[in-house]
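Notes for the one structure printed next.
Below, chain A is the first sequence line, B the second, and so on; all start at residue 1. Since the structure is predicted, the reported quantities are computational estimates derived from the model, not experimental observations.
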2 protein chains.
Amino acid sequence: MRTNRPKISDVARVAGVSTATVSRVLSNPDLVSSDTREAVQEAIRATGYRLNLAARNLRHRRTGSIVALVPNLANPFFSEILSGIAAVLGEAGYNLLVADTCRTSAQALIDYAEPGRADGLIALDGRLPAEELKGKVPVVVACEWIPGLAAPRVKIDNRAAAGLAIDHLVALGHRRIGHVSGPRGNVLTEARIAGTQDALAAQGLLLAPADLHIGDFSLSSGREAAVTWLAQPAATRPTAMFFASDPMACGFIGEVQRHGLKVPEDVSVVGFDDIELVAHMSPPLTTIRQPRHDIGRLAAERLLARLKGETAMDDTLLPVDLVVRGSTAAPAA
Amino acid sequence: MRTNRPKISDVARVAGVSTATVSRVLSNPDLVSSDTREAVQEAIRATGYRLNLAARNLRHRRTGSIVALVPNLANPFFSEILSGIAAVLGEAGYNLLVADTCRTSAQALIDYAEPGRADGLIALDGRLPAEELKGKVPVVVACEWIPGLAAPRVKIDNRAAAGLAIDHLVALGHRRIGHVSGPRGNVLTEARIAGTQDALAAQGLLLAPADLHIGDFSLSSGREAAVTWLAQPAATRPTAMFFASDPMACGFIGEVQRHGLKVPEDVSVVGFDDIELVAHMSPPLTTIRQPRHDIGRLAAERLLARLKGETAMDDTLLPVDLVVRGSTAAPAA
DNA sequence: ACCGTTCATGCAAACGATTACATTGTGCAG
DNA sequence: CTGCACAATGTAATCGTTTGCATGAACGGT
């Protein structure tokens, strides 16, 4: 570490003023006369001075960073949300700290919520312990939510989104529709299962227990669902499947095609998320589009507003679209 | 901001010792007798004391964070590298700061390299200005590299990787092979074009100017390459295409299929990166696998080693594999 | 009984900025 | 000419830790 980095007192000496004046030039230029201001700025240039953020933060009792807790950094779904968060925070002069909740110890995660570590926290993971987050830095939850935690939430209406998918399939003529969910215990999983059941019920249909597969959002769990589905007699298995994530839908389609069946002729498929690639597969995937970048942006904006004193705790619900592409069609006669 | 957060002096008062002793319990427990140590720990518990990192960092003249500069956070390719970086840094007790180079002003990016902001920097973007990074925090470059910057690099052998792809296609019997590259000015672009040309030359073949498409790694640029390719007379256009990224290969395949042609029957396709989804498309994509997670891990480890005093600046080259799947076959007779 | 070690602890000065308060100088009204 | 308001600057305390140095107690060897 260079020990010779110029500090504010060096600038002060060169400019022939006190450190207070230099500091004022830096953070409140109007308070100093234009003559001195220019002399100080010249001295800053001459010395190559750069502000030490740690010192400023200590004095201001803030850190200038926001931490985002992400369930899985490698998942493109989350990275696009992060991108939205980063855009807003960068503009506002905040640093973005990220931590992968699946690779970090529980204690370390809670420590991120300590003031002194970050000024605020955006949780993209609903499985964080509500109790441990109370009384620490302001929190906003995006996508998922944390039961029992009083924090603004930015998300979509998952039940309604599932309804869109089911209604589309029913309108095409499907009567037996299966669902591949996320892992048990995930709040999205429950909301989307409930939405599926509701929408089916509204049409006088039922989600048979055998047609509900518990997955984990990953490609391979979609493939496993395909194996089970393929093992059922063709006459009685669902003619359409609704997946709680696009990767699962892709895994399913890949496996089904490998067995010589065709999508959508032999089975219709609806995904969830609309990640970029699925529009270019064959068949292109019908799916529910989530405005991921906006979710990130809004979550960051809500958090910044809270840091400025806003106290509203209400949820923000973003609209979703059903994007109809080639993976859905009327069932075979 | 709670003003009543207990500080080290509160703990000291409760425990009946000096602040120095409390500090030693925290960072160097062996220096204090077990009696006092326990008293202090009890006082810490009683007061609910939590260390203020900003203060410690100020004193230690370090920040405890590493910043990663990513060209595009939303790109799954980078997010998996980030995941590797996060894994290593988290374990070592460092924070991971991320910034999106395409959404951040040039000055702001350079500021990240200031000591006081972060202790080190991992650049995933080769277009950062080498001059501006000199004399600041230690840097490691991953995937890409920055010409003129003396920093360890962690990457793959891009020329050799391109060679693997070309050799595979030639071995299948292809004689006219096209290449869709990344954007001009990107170091990977040049290396992969050179590798393609070298490998073709070694087989007595040539990359015709008309068969080199300049893309930008995105899906849509792959689709544009398909439009151009489709417009060429079927008899004389390339029978195989090598892409500098998987998304471009997907965009190409999607467009070609939409026009009723088949992969690999009508054209063989090789991608680059092996992102997770492409194994499940139809046809599954033949591609070059990059060990993304390992690239991230190694880059982080190299940086930590530099922070501990290691001075070696040599490059780390990671092995790549050709993953042969269904998108390549012998050309039609 | 004396003295040099060693061990445990305290005192106070850093780390590098910000800012409440004090001080000085200037202009202007009375 | 006096006094007051205000603008520009300086002085020094502060943010919460860490750590070099000093101190004093305990101990063992002679």
Separation of [N] [atom2] from [X] [atom1] (nearest whole Å):
| X | N | atom1 | atom2 | answer |
| --- | --- | --- | --- | --- |
| N28(B) | dA8(C) | CG | P | 12 Å |
| L31(A) | dT19(C) | CG | C1' | 11 Å |
| R62(A) | dA17(C) | CZ | C1' | 13 Å |
| R117(A) | dT17(D) | CZ | C1' | 16 Å |
| D35(B) | dT9(C) | CG | P | 8 Å |
| H60(B) | dA13(C) | NE2 | P | 20 Å |
| I44(A) | dA17(C) | CD1 | C1' | 13 Å |
| L26(A) | dT19(C) | CG | P | 12 Å |

[N] OP1/OP2 closer than 4.0 Å to side-chain N/O of [X]:
| X | N | answer |
| --- | --- | --- |
| T36(A) | dT9(D) | yes |
| T21(B) | dA8(C) | no |
| K7(A) | dA17(C) | no |
| R56(B) | dT18(D) | yes |
| T19(A) | dA17(C) | no |

Over all strands shown, is [X] touching base, sugar-phosphate only, or nothing at heavy-atom distances under 4.0 angstrom?
| X | result |
| --- | --- |
| V22(B) | nothing |
| L51(B) | sugar-phosphate |
| R37(A) | nothing |

Next on the checklist: Checking the side chain of T47(A) only, and the main-chain atoms of A43(A) only, is there a donor and an acceptor separated by less than 3.5 Å?
Outcome noted: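 Pair found, side chain donor or acceptor close to backbone of A43(A).
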Item to check | Residue whose closest nucleotide on DNA chain C lies nearer the 5' end, P6(A) versus R24(A) | outcome: P6(A)
Checklist entry - Starting at the 5' end of DNA chain C, which residue's closest nucleotide do you reach first, A20(B) or A55(B)? => result A20(B)
Checklist entry - Any donor-acceptor pair under 3.5 Å joining the side chain of R59(B) to the base of dT18(D)? => result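 In this structure, the two groups form a donor-acceptor pair.
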Next on the checklist: By the definition side chain to side chain contact (heavy atoms under 4.5 Å, CB included), identify the one residue from L124(B), L73(B), L109(B) that meets it with T101(B).
Outcome noted: L109(B)
Item to check | Donor-acceptor side-chain pairing of S33(A) and D35(A) below 3.5 angstrom | outcome: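 Their side chains do not contain a donor-acceptor pair, so the 3.5 Å distance test is not met.
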Item to check | Pair R61(A), N52(B): side-chain N/O donor-acceptor within cut-off below 3.5 Å | outcome: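 Short answer, no.
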Checklist outcome for this item: Checking dT9(C), dG16(D), dA17(C) against the side chain of L58(B) (C-beta onward), the nearest is dG16(D)
Item to check | R61(B), nearest nucleotide to its side chain (from dT9(D), dT17(D), dC15(C)) | outcome: dC15(C)
Next on the checklist: Taking the side chain as everything from C-beta on, heavy atoms only, tell me whether R306(B) gets closer than 4.5 Å to M313(B).
Outcome noted: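 The answer is yes; the side chains approach within 4.5 Å.
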Next on the checklist: What I want to find out is whether E91(A) reaches R297(A) closely enough, with some N-O distance under 4.0 Å, to be called a salt bridge.
Outcome noted: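 No, no charged N to carboxylate O under 4.0 Å.
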